[in-house]
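Notes to accompany the following structure.
The structure presented is a predicted model; accordingly, all values stated were derived computationally and were not measured.
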Amino acid sequence: YNGGGVNVGGGSFTMKGGAITGCTARYNGGGVVTYADDGHSPTFLMEGGAITDCTAQSSGGVDAKGTFAMKGEAAITGCTAEYIGGGVTMAGTSFSMEGNAAITGCTAETGGGVYMNIGAFSMADSAAITGCAATEEAGGVWISGARSDSITVSGAPRVAGNKAGTNKADSNLCLYSEAGVPGSSSDKFPQVTVRGTLGQGASLGLTLDGAATWGGQMIIKTDLGGEAGAADLQKFFPDSDPDNSLTSGTLTPGGDLPTAA
């Protein structure tokens, strides 16, 4: 049912090399599933190795309910989910990508690379999410401000070259919010926090989605809480979604590309 390759209940799993390949789960976590057991939160530390060509209804590669970290040369490649999270679905404490960790060529209906449901997401160093696709929304990463924390980026991460929909539009980092909608569960807007100064190779595409009133809302900020500087904003670009646009430090309908102040 869950965890086609590895099933971790309330324990700790460390992967330093090798491969989990071609595994299938009927429901969640084609490659790996982790979940709390008897009050114990699970941990999956992927320091190397690869999870490839795994499939499930949701979370083709990894379904994480606790803490999940990808480091070094760890890779999730070619995994597929029928619904959400082709590479990873996060519904726990935190998900981090560091070093040269990569999620590539994964597919799902929503969140081809990563589907963030609950938890904090961070990308550092040269971590990358590329070449993923969604049949509907968010080819790269889906982050819901109504349910999850936002994303923190540092170093030179890349979320680029991901596509969504029948027209295969650019769809990389998709920020979704129900804020401002009558009866919504939260008034939280997703945000991208830049820690330090982004490196030259950083490349992050952004899409704004949802029925919220986004006008004037700060979307890209520094870890000090203020608006990101022009040099960092130049590392971001708008996806080709027709409702998407960027302006200096904010993401608002009808705005322009980032401009230096």
Any [X] side-chain heavy atom under 4.5 Å of [Y] side chain:
X	Y	value
Asp223	Thr152	no
Phe236	Val192	yes
Leu206	Ile220	yes
Ile143	Ile151	yes
Val32	Met46	no
Met90	Asn117	no
Val6	Phe44	no
Thr207	Asn172	no

Any donor-acceptor N/O pair, Asn2 side chain to Asn7 backbone, under 3.5 Å: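 Such a contact is absent between Asn2 side chain and Asn7 backbone.
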Which pair of heavy atoms, one from [X] and one from [Y], lies closest together, and at what distance?
X	Y	value
Leu198	Ser154	CD2-CA, 4.0 Å
Ala108	Gly85	CB-N, 3.8 Å
Lys221	Gln191	NZ-OE1, 3.1 Å
Val114	Ile103	CG2-CD1, 3.6 Å
Ile51	Gly31	CG2-CA, 4.3 Å
Asn162	Cys132	OD1-N, 2.8 Å

All N/O donor-acceptor pairs, side-chain side in residues 58-78, below 3.5 Å, sequence neighbours left out:
| from | atom 1 | to | atom 2 | distance (Å) |
| --- | --- | --- | --- | --- |
| Ser59 | OG | Asp63 | OD2 | 2.7 |
| Ser59 | OG | Thr89 | OG1 | 2.9 |
| Asp63 | OD1 | Lys65 | NZ | 2.3 |
| Glu73 | OE2 | Asn100 | ND2 | 2.9 |
| Thr77 | OG1 | Thr104 | OG1 | 3.3 |

Using the rule that two of Ile, Leu, Val, Met, Phe, Trp, Tyr join whenever any of their side-chain heavy atoms come within less than 4.5 Å, decide whether [X] and [Y] are in one cluster.
X	Y	answer
Ile20	Tyr35	no
Leu45	Val88	no
Val33	Val8	no

Pairwise distance SG(Cys174) to CE(Met116) - rounded to 0.5 angstrom: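 The CE atom of Met116 is 13.5 Å from SG of Cys174, to the nearest 0.5 Å.
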Check: Thr43/Ser12 side-chain N/O donor and acceptor closer than 3.5 Å: no
No-hydrogen, no-angle side-chain donor-acceptor test under 3.5 Å, Thr21 and Thr52: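 Yes, Thr52 and Thr21 have a side-chain donor paired with an acceptor closer than 3.5 Å.
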